[in-house]
Structure formats: C-alpha cells, structure tokens
Amino acid sequence: MSKQVLVTGGSGYIGSHTCVELIQAGYEPVVVDNLSNSEIDAIRGIEKITGKPVDFNKVDCLDVPALEKIFSTHNFVAVIHFAALKAVGESVHIPLDYYRNNLGSLINLLTLMMKYDVPNIVFSSSCTVYGQADVLPVTEQTPRKPALAPYGATKQMCEDILRDSIAAYGKLKGIALRYFNPIGAHPSALIGELPRGVPNNLIPFVTQTAAGIRPMLSIFGDDYNTPDGTCIRDYIDVVDLAKAHVVAVDRMTGGRSKADYEIFNIGTGRGVSTLEIVKTFEKVNNLKLNYKIAGRRAGDIEAVWADTSYANKELGWKAERPLEETLKSAWKWQQSLG
C-alpha cells in the first residue's frame, strides 16, 4: 500500500511538525506550499530532524493545473489540508482574501481527490467554529455559534463543504480536527513558529519581546469575565497536535472510522489565561517581559477550552507535553533564530 500523504501548507508551523511525525510513523509526506506565510528553511529542518529527504513542491492550492500535476504523478493514501490564511484580526480587514483562499483551496482539493481516487482527508479546523460558547468546556456536540470574524466563518464553511461532499459523493472519508491554540516548537529547535512581520499569535509576540525584537507585549483586555480579567485559551503543544494528524490518518487508512465524517477536539482540556502564559514563560525561562494592558481586540472571544475526552477515547491520543516544557521550547526556538 502507498504511504504517500499530500500535506498542503506543509512548510508552515503545524504542517512542518506534522511532516516530522508522519515520517517517523513510516509515511512519505509530499508537501505543497506556496510559501506565502512560511519559509523553505522549515523543509530543511524536517530533513535534519528525520534524516529523510522531503518531496517539496512550490504550488498554490488555487492553481488547479499545478495541483493536478501533483495528483497525477503520485499515489496518495490521504491528504492533510493545512493551507489556509489564519489570522483572526487580519481576516476582519481583508475578508475576500480569506474566503477566496480558504474555501477555494478545499474545493480544488476535494475535486482532485475524487478524480484521482484519493479516499481520505484530514482537515485543519479550529475551535473558532464554536464562537463564544454558552457552556465550557466545549465538546464536539457544542453548537457552532455565528463566527466573530471571517477566519472563523471560513472554517465553519469548510467543515460544511467537507461534510456535504462526503455525504454526496460516497468516495471520501474525512476527519476535521478542531485545534485549540498550538504553541511551542520541536524539542530540537530546528523547526518552530516563524511569523512574517508582526505576529498575530501570543507566543511569538512573547518570545520576540523577550528577545528584544519587539519593545513591548500588549495584552488585549483585562476586563473579561475571567479570574484575572484576561482571555482564556486551551494551549496545546505543537508536537502533540502534529501526532493527532498521524493518528487520524491511521484511523481512516486502517478502517477504524466510526463514520465517513468525524470531528475531534484537539486540545489539552485545560484553560489558561493570557496573563498566566506570560507569568509561566517568565518563570520557566528566568526572564522578565515588558508588557502592558491594551484595549480588547476585535474578533477575540473571552474564553474557550476543550473537552478532549472523546478524542482521547476514540483516537487513543492525548496531549502529553507540560505547558512549562512547551514554553521552554518556544524560547529555545526563538534563541536559535539568532
């Protein structure tokens, strides 16, 4: 049986870590990435960690002829689809870019998967589909709320496109992994999160402030209805998250899916506040961060964390790396950048 897995966005943050785990599990990732929000250095990092060459293709998922060429020259057992624009705040300002890219790329992939008989897809979804849930933690049955930003709306729509395509065409199986907040870096410090320009995510902003690249970290809002007034999220180590994708591919290719379309929450099951992250980062790395409280940010929800019991039971997967180790790895990665 072929062990080739198409990984779109495979040189990105989560994609690169997933490629490492795929290789270590005996799969052959074939990476498609347009490098719009990632660096080719990530591919070299994957190769250094694993000692294996990576089949990399600079292709945009909106370019159907180029994408079709990849399908026609490989024999994929599954697709893992990461390639998407992903900044909540940015999506509010350039919504058409988000709808065009995030919906179009999935539609193109599903069309080619059916044409070339590729039966399995793991979709990179997000806890943003829940919006501000009425009850926490959220389970896979928690109703989706209207999205607070176009980014979240595209994830909801992509899940619907996936569900409807699987129901209609009968040739596909899919698993949507609803990520919570991926942080940290590979223990080797050879790959990690590398944002272009000003970071949209908390941890790169924390590490860049610690490194002196940014003069000050802004904490957006301290007047939320949470114990310390700052937003609460479920922060999951990126390596733990990457491993969930391998388990999802194993589940579909091994015939263990309970349904043709399944959804799993991928988090730690624990909510941590922004201020708690900052204090823990300072403590484990023996640093002081320059930070200030700023106003709330458009599109941010107050609190969300996962009930992961279904994923733990069904997938036989759970988040293992402690927050302290994850925050050490993030700082080690930042330091490796010089």
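Excluded from the calculations below are hydrogen atoms, water molecules and symmetry mates; all remaining heavy atoms, backbone and side chain alike, are included. Everything numeric in this text was worked out from a predicted model, so none of it was measured.
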Notebook entry, point to check: Under 4.5 Å between any side-chain heavy atoms of His17 and Leu241, yes or no?
Noted result: no
Notebook entry, point to check: Can Arg196 and Glu39 be counted as an ion pair, charged N to O under 4.0 angstrom?
Noted result: yes
Checklist line | Verdict with reasoning, Lys115 to Glu68, per salt bridge (Lys or Arg N to Asp or Glu O under 4.0 Å) | finding: CA-CA 10 Å; Lys115 183 173 179 178; Glu68 179 154 17; 2.6 Å; yes
Note to self: For the NZ atom on Lys318, are there more than 12 heavy atoms of other groups (residues, nucleotides or ligands in this structure) within a distance under 6.0 Å?
What the structure shows: no
Item checked: Closest non-hydrogen atom pair between Phe264 and Ala311, with its separation -> CD2-CA, 3.9 Å
Next item on the list: Give the ring-plane orientation class for His74 versus Phe76, where under 30° counts as parallel, over 60° as perpendicular and anything between as tilted.
Entry: parallel
Item checked: Least distance between heavy atoms, Asn37 atom then Lys86 atom -> ND2-CE, 3.9 Å
Next item on the list: Using atom types as modelled and distance alone, determine if a side-chain donor or acceptor of Asn57 lies under 3.5 Å from a backbone N or O of Val59.
Entry: no
Checklist line | Co-members of the apolar cluster containing Leu62 [side chain, <4.5 Å] | finding: none
Notebook entry, point to check: What heavy-atom pair brings Ser336 and Ala189 nearest, and what distance separates the two atoms?
Noted result: OG-O, 3.4 Å
Check: Can you find a side-chain donor-acceptor pair between Ser124 and His81 that sits under 3.5 Å?
Finding: no
Notebook entry, point to check: So which pairs with a foot in residues 229-250 pass salt bridge (charged side-chain N to carboxylate O under 4.0 Å, His left out), sequence neighbours left out?
Noted result: Asp237-Arg321
Check: Who are the side chain to side chain donor-acceptor pair (under 3.5 Å) partners of Thr274, not counting sequence neighbours?
Finding: none
Check: Under the side chain to side chain donor-acceptor pair (under 3.5 Å) test, which residues partner Asn225, sequence neighbours left out?
Finding: none
Check: Who pairs with Lys288 by salt bridge (Lys or Arg N to Asp or Glu O under 4.0 Å), at least two apart in sequence or on another chain?
Finding: Glu282
Check: Apart from Val135 itself, what residues make up its hydrophobic cluster when side-chain heavy atoms of I, L, V, M, F, W and Y under 4.5 Å apart count as a link, directly or indirectly?
Finding: none
Item checked: Pair Lys279 + Glu276: basic N to acidic O under 4.0 Å -> no
Notebook entry, point to check: Which atoms form the tightest heavy-atom contact between Gly10 and Ile46, and what is the distance?
Noted result: O-CD1, 4.1 Å
Next item on the list: Evaluate the side-chain proximity of Glu302 to Gln132: yes if any heavy-atom separation is below 4.5 Å, no if none is.
Entry: yes
Next item on the list: With sequence neighbours excluded, tell me which residues meet ring pair (Phe, Tyr, Trp, His ring centres under 6.0 Å) with Phe220.
Entry: none
Margin query: Under a plain distance cut-off of 3.5 Å, with no hydrogens placed, do Asp33 and Ser38 share a side-chain donor-acceptor pair?
Written below: yes
Notebook entry, point to check: Counting only heavy atoms not in Lys171, do more than 12 sit closer than 6.0 Å to its NZ atom?
Noted result: yes
Notebook entry, point to check: salt bridge (Lys or Arg N to Asp or Glu O under 4.0 Å) with Glu262: which residues, sequence neighbours excluded?
Noted result: Arg251
Checklist line | Donor on one side chain, acceptor on other, Glu90 and Tyr98, under 3.5 Å | finding: yes
Checklist line | Path from Leu103 to Val129 over hydrophobic side-chain contacts below 4.5 Å | finding: no
Check: Just by distance, do the side chain of Asp260 and the backbone of Ile166 share a donor-acceptor pair under 3.5 Å?
Finding: no
Next item on the list: Check whether any side-chain heavy atom of Ile213 lies under 4.5 Å from a side-chain heavy atom of Gln334, and answer yes or no.
Entry: yes
Next item on the list: Sorted by first residue and then second, give each ring-ring contact (aromatic ring centres under 6.0 Å, His included) pair with at least one member in residues 116-140; sequence neighbours left out.
Entry: none
Check: What pairs meet the ring-ring contact (aromatic ring centres under 6.0 Å, His included) rule with one or both residues in residues 158-199, with sequence neighbours excluded?
Finding: Tyr179-His245
Next item on the list: Kindly compute the distance separating OG (Ser165) from CD1 (Ile121), expressed to the nearest 0.5 Å.
Entry: 9.0 Å
Notebook entry, point to check: Between Arg144 and Glu159, is the closest basic N to carboxylate O distance under 4.0 Å?
Noted result: yes
Next item on the list: Would you please say whether a donor-acceptor pair under 3.5 Å links the side chains of Arg214 and Gln208?
Entry: yes
Margin query: Clusters formed by hydrophobic residues whose side-chain heavy atoms approach within less than 4.5 Å: which one holds Ile293, and what are its other members?
Written below: Ile183, Val198, Leu202, Ile203, Phe205, Val206, Leu217, Ile219, Tyr235, Val272, Leu275, Ile277, Val278, Phe281, Val284, Leu287, Leu289, Tyr291, Leu323, Leu327, Trp331
Check: Apart from Trp333 itself, which Ile, Leu, Val, Met, Phe, Trp or Tyr residues share its cluster (side-chain heavy atoms under 4.5 Å, direct or through members)?
Finding: Leu194, Leu337
Margin query: Under 3.5 Å, is there a donor on one side chain and an acceptor on the other for Asp307 and Thr139?
Written below: no
Note to self: Please find the pair of heavy atoms, one from Tyr99 and one from Ala153, that lie closest to each other, and give the distance.
What the structure shows: OH-CB, 3.5 Å
